[in-house]
Amino acid sequence: MREDTDQNLRVLDQFARQAESYASLVKRSKDTTLPVLLEAVKPVSSDRVLDVGCGTGRLAVTLAPFVASVTGIDLTAAMLQKARQLQTEANLLNIEWRQGDVSELPFTDGEFT
């Protein structure tokens with residue numbers, strides 16, 4: 001087995017087990033870095049955003065109201081399930097979730113702003 005495949009299996013195992021508790025922790029905590037990030041990024045309505053290693057979707061859901069679209073990619077299906085729940089709670093339609101290895105992104109150059 002390749003080393004990166006073995007690492008991905010360990011990541012999948014750990015993050016799948018932690019998805020529920022991590023999502024709950026993120027939901028309860030206030031992230032003071034998000035306003036700073038929004039100020040630094042200055043998203044505009046035409047932006048197409050890629051959130052690499054999106055986890056439970058907090059950043060993607062934060063950016064979605066300000067941009068045309070957000071694509072979140074993460075290796076762990078359990079994390080993406082939590083991201084979809086957060087998206088539904090926020091009533092956002094412009095987010096797409098993809099499961100995949102972030103070391104081999106399945107996107108073309110220029111697809112995101």
Per-pair distances, 0.1 Å, donor-acceptor, side chain in residues 106-113, under 3.5 Å, sequence neighbours excluded:
| unit_1 | atom_1 | unit_2 | atom_2 | d |
| --- | --- | --- | --- | --- |
| T108 | OG1 | E111 | OE1 | 3.2 |
| E111 | OE1 | T108 | N | 2.9 |
| T113 | OG1 | D47 | OD1 | 3.0 |
| T113 | OG1 | R48 | N | 2.9 |
| T113 | OG1 | R48 | O | 3.3 |

Exercise. Return the minimal non-hydrogen interatomic distance between A60 and D51, and the atom names on each side.
Key: N-OD2, 3.4 Å
Quiz item: For E96, what residues pass the side-chain hydrogen bond (donor to acceptor under 3.5 Å, both in side chains) criterion, not counting sequence neighbours?
Solution: none
Quiz item: Is the side chain of D74 donor-acceptor paired with the backbone N or O of Q99 at a distance under 3.5 Å, no angle test?
Solution: no
Quiz item: Which atoms form the tightest heavy-atom contact between N94 and A64, and what is the distance?
Solution: ND2-O, 2.9 Å
Exercise. Under the side-chain contact (heavy atoms from CB on, under 4.5 Å) rule, collect the residues that match up with A68, sequence neighbours excluded.
Key: none
Practice problem: Under the side-chain hydrogen bond (donor to acceptor under 3.5 Å, both in side chains) rule, collect the residues that match up with Q87, sequence neighbours excluded. | Solution: W97
Quiz item: Do L50 and V70 touch side chain to side chain, with heavy atoms closer than 4.5 Å?
Solution: no
Practice problem: Report the C-alpha distance between V102 and I73 in whole Å, list the side-chain angles of each, state the deciding distance to 0.1 Å, and finish with yes or no for side-chain contact (heavy atoms from CB on, under 4.5 Å). | Solution: CA-CA 7 Å; V102 301; I73 184 168; 4.2 Å; yes
Exercise. State, to 0.1 Å, how close C54 and L80 come at their nearest heavy-atom pair, and which atoms those are.
Key: SG-CD2, 3.6 Å
Quiz item: Can you find a heavy atom in the side chain of V52 that is under 4.5 Å from one in the side chain of L105?
Solution: yes
Exercise. Side-chain contact test, heavy atoms from C-beta onward, threshold under 4.5 Å: evaluate it for L38 versus F66 and give yes or no.
Key: yes
Self-check item: I95 and T71, any side-chain heavy atoms less than 4.5 Å apart
Solution: no
Exercise. Check step by step if side-chain contact (heavy atoms from CB on, under 4.5 Å) holds for V61 and L92.
Key: CA-CA 8 Å; V61 168; L92 295 166; 3.7 Å; yes
Self-check item: Residue pairs involving residues 35-45 (criterion side chain to side chain donor-acceptor pair (under 3.5 Å); sequence neighbours excluded)
Solution: E39-K42
